[in-house]
Amino acid sequence: MSIGRRQALSLIGGGAAFALAPRAGAAPLDTVIRNGFLSVAVYRDFEPWSWRDAEGLKGIDVEIGELLASALALRVSYLELIPGDDVAADLRNAVWRGSLTGLAPADVMMHIPVDRQLALANDRAVIVGAYYRESFAMACNRERSPDCEAMPPAFKGRPLAAEIDTIPDFYLSSVSGGVLRGDVHHYPTGTAAVAAVAGDKADAVVATRAQIEHGLLAAKDRLVQRKGPLPMMMSPGWNVGIAVKDNSRDLGDKLESVLAQLVANGKVPAIFERYGVVYRPPVEA
């Protein structure tokens with residue numbers, strides 16, 4: 001199963017580079033403890049998971065990274081990864097080699113799809129610690145598209161929004177024989193696509209469930225979320241976890257254990273709630 005960054009919003013493709021990289025290095029647990037800080041790689045411009053606004057870097061993955069470091073009595077630093085379409089390149093740059101410009105990798109990378117084939121194809125990284133179950137959803141503008149439960153052909157002739165070159169884009173362009181292909185308007189991110197619907201630029205959007213729910217937090221008077229499943233959607237959803245370098249399995253095991261505790265004591269679900277996202281536990285493989 002090939003799942004690219006944008007967490008299955010896109011399929012395998014290009015690469016990635018670091019936008020900000022404080023000095024860091026993938027390392028086993030003892031080395032990380034000795035260094036006194038945990039470097040955490042997060043995707044750039046990936047709302048609600050990790051993005052910057054006037055207040056600085058924020059998001060669900062940013063806050064979880066801070067909790068992981070705090071649980072180990074460490075300071076936290078962040079590497080912001082400019083996303084490509086190839087999750088293998090993201091893993092290479094983020095946790096086991098560093099970027100081609102010489103920037104060191106992080107100790108741990110957030111938001112990696114937990115997938116057996118992906119793990120086997122990238123044996124320099126260790127993928128562990130599933131902490132969320134993601135999937136796709138639809139939202140509609142309350143006034144422009146009153147029946148968000150309609151079958152896909154009912155949206156023909158209405159402007160639809162999706163992040164470009166992602167599964168939602170492919171879905172809207174191909175569902176029901178491609179009847180909606182000419183109605184799809186492309187946006188740089190799923191969050192921008194959701195905002196287009198809230199801002200009356202489109203009637204409906206398909207994006208990740210987290211992006212939809214986060215959009216509803218600020219525009220619930222403008223948006224309504226589809227309750228029924230998306231007909232013929234190719235993805236059943238996927239678990240989201242963390243990754244470390246292959247020589248840092250003890251660090252990965254420790255962080256996996258800490259993550260489980262943070263979920264059980266409610267601290268991770270509370271982070272999701274602050275961003276308007278319903279916490280969904282990962283599905284057992």
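Values in this document were obtained by computation on a predicted structure and should not be read as measured data.
Identified under the disulfide (SG to SG under 2.5 Å) test for residues 97-148, with sequence neighbours left out: Cys140-Cys148.
Checked against Asn239 for a side-chain hydrogen bond (donor to acceptor under 3.5 Å, both in side chains), the options Glu284, Glu134, Arg133 give a single hit: Arg133.
Remark: side-chain polar atoms of Arg116 are not paired, donor with acceptor, to backbone N or O of Ala119 under 3.5 angstrom. The main-chain N or O of Val278 is found under 3.5 Å from a side-chain atom of Glu213 such that the two form a donor-acceptor pair. The closest donor-acceptor contact from the side chain of Asp86 to the backbone of Ala88 lies under 3.5 Å. A distance-only check finds no donor-acceptor pair linking the side chain of Ser176 to the backbone of Val179 [under 3.5 Å].
Looking only at side-chain heavy atoms (C-beta outward), Glu149 and Lys227 come within less than 4.5 Å of each other. In this structure, Asn141 and Asp200 have side chains that are in contact, with non-hydrogen atoms separated by less than 4.5 Å. For the pair Val240 and Pro282, the minimum side-chain heavy-atom distance is 4.5 Å or more. Contact check for Arg124 versus Arg92: no side-chain heavy atoms found under the 4.5 Å cut-off. The shortest distance between side-chain heavy atoms of Val197 and Asp203 does not fall below 4.5 Å. Side chains of Pro236 and Phe136 form no contact here, defined as non-hydrogen atoms less than 4.5 Å apart. For the pair Asp90/Met109, a side-chain contact is recorded, criterion being any heavy-atom separation below 4.5 Å from C-beta on. At a threshold of 4.5 Å between non-hydrogen side-chain atoms, the residues Lys201 and Tyr187 count as touching.
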Practice prompt. Just do the salt bridge (charged side-chain N to carboxylate O under 4.0 Å, His left out) check on Lys58 and Glu63 with the steps written out, would you?
Written response: CA-CA 7 Å; Lys58 62 194 305 183; Glu63 292 199 29; over 6 Å; no

Item to complete: Evaluate the criterion salt bridge (charged side-chain N to carboxylate O under 4.0 Å, His left out) for residue pair Glu143 and Arg222; output intermediate values, then yes/no.
Response: CA-CA 8 Å; Glu143 296 181 359; Arg222 304 288 298 161; 3.8 Å; yes

Discussion item. Before you tell me yes or no, could you show the steps for Leu81 and Arg44 under side chain to side chain contact (heavy atoms under 4.5 Å, CB included), namely the whole-Å CA-CA distance, both residues' side-chain angles and the distance that decides it to 0.1 Å?
Written reply: CA-CA 5 Å; Leu81 188 68; Arg44 188 180 188 186; 6.0 Å; no

Practice prompt. Start with the C-alpha distance between Trp238 and Tyr132, add both sets of side-chain angles, then the distance that settles ring-ring contact (aromatic ring centres under 6.0 Å, His included), and finish with yes or no.
Written response: CA-CA 8 Å; Trp238 63 99; Tyr132 177 64; 8.8 Å; no

Discussion item. Side chain to side chain contact (heavy atoms under 4.5 Å, CB included), that's the test. Do Leu259 and Ile242 meet it? Break it down for me.
Written reply: CA-CA 10 Å; Leu259 257 177; Ile242 61 176; 4.1 Å; yes

Item to complete: Step by step, work out the salt bridge (charged side-chain N to carboxylate O under 4.0 Å, His left out) result for Asp221 and Arg142.
Response: CA-CA 8 Å; Asp221 59 328; Arg142 287 184 180 276; over 6 Å; no

Practice prompt. Could you give me the CA-CA distance, side-chain angles and deciding distance for Asp169 and Val184, then say whether side chain to side chain contact (heavy atoms under 4.5 Å, CB included) is met?
Written response: CA-CA 8 Å; Asp169 183 10; Val184 180; 3.9 Å; yes

Discussion item. Between Tyr279 and Val263, does the side chain to side chain contact (heavy atoms under 4.5 Å, CB included) criterion hold? Intermediate values first, please.
Written reply: CA-CA 10 Å; Tyr279 175 73; Val263 170; 3.5 Å; yes

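Among all heavy-atom pairs drawn from Ala193 and Val205, the shortest one is CB-CG2, 3.6 Å. In this structure, Gly157 and Asp183 approach most closely via the heavy-atom pair N-OD2, 2.9 Å. The two residues Ala125 and Val95 come nearest to each other via the heavy atoms CB-CG2, 4.0 Å. Closest heavy-atom contact between Val114 and Ala130: CG2-CB, 3.9 Å. The two residues Pro159 and His185 make their nearest non-hydrogen contact at CB-NE2, 3.8 Å. Nearest heavy-atom pair across Ala207 and Val194 is CB-CG2, 4.2 Å.
Note that the CG atom of Asp61 and the CD1 atom of Ile271 stand 9.5 Å from one another [nearest 0.5 Å]. Tyr43 OH to Ile112 CD1: the interatomic distance, rounded to the nearest 0.5 Å, is 4.5 Å. The distance from atom CG of Leu74 to atom CG of Leu68, rounded to the nearest 0.5 Å, is 10.0 Å. Note that OG of Ser50 is 11.5 Å distant from CG of Leu79, once rounded to the nearest 0.5 Å. Between atom CE of residue Met138 and atom CD1 of residue Ile212 there is a gap of 8.5 Å, rounded to the nearest 0.5 Å. Note that OG1 of Thr191 is 8.0 Å distant from CD of Glu163, once rounded to the nearest 0.5 Å.
Residues Ser39 and Asp107 have side chains that bring a donor and an acceptor to within less than 3.5 angstrom of each other. For Ser173 and Arg181, the side-chain atoms include no donor-acceptor pair closer than 3.5 Å.
Leu67 and Ile33 end up in the same hydrophobic cluster when Ile, Leu, Val, Met, Phe, Trp and Tyr side chains are linked at under 4.5 Å. If you chain together hydrophobic residues whose side chains sit under 4.5 Å apart, Met232 and Phe155 fall into the same group. Taking hydrophobic clusters as Ile, Leu, Val, Met, Phe, Trp and Tyr residues chained together by side-chain heavy-atom distances below 4.5 Å, Leu216 does not share a cluster with Trp49. In this structure, Leu223 is not a member of the same hydrophobic cluster as Leu230, with clusters built from ILVMFWY side-chain heavy atoms closer than 4.5 Å. Linking Ile, Leu, Val, Met, Phe, Trp and Tyr residues whenever their side-chain heavy atoms come within less than 4.5 Å places Val128 and Val87 in a single cluster.
You'll find the ring centres of His214 and Trp51 inside the 6.0 Å limit. Centroid-to-centroid, the aromatic rings of His111 and Phe46 come within less than 6.0 Å.
Applying the 6.0 Å contact sphere to CD of Gln225 captures more than 12 heavy atoms from other residues, nucleotides or ligands.
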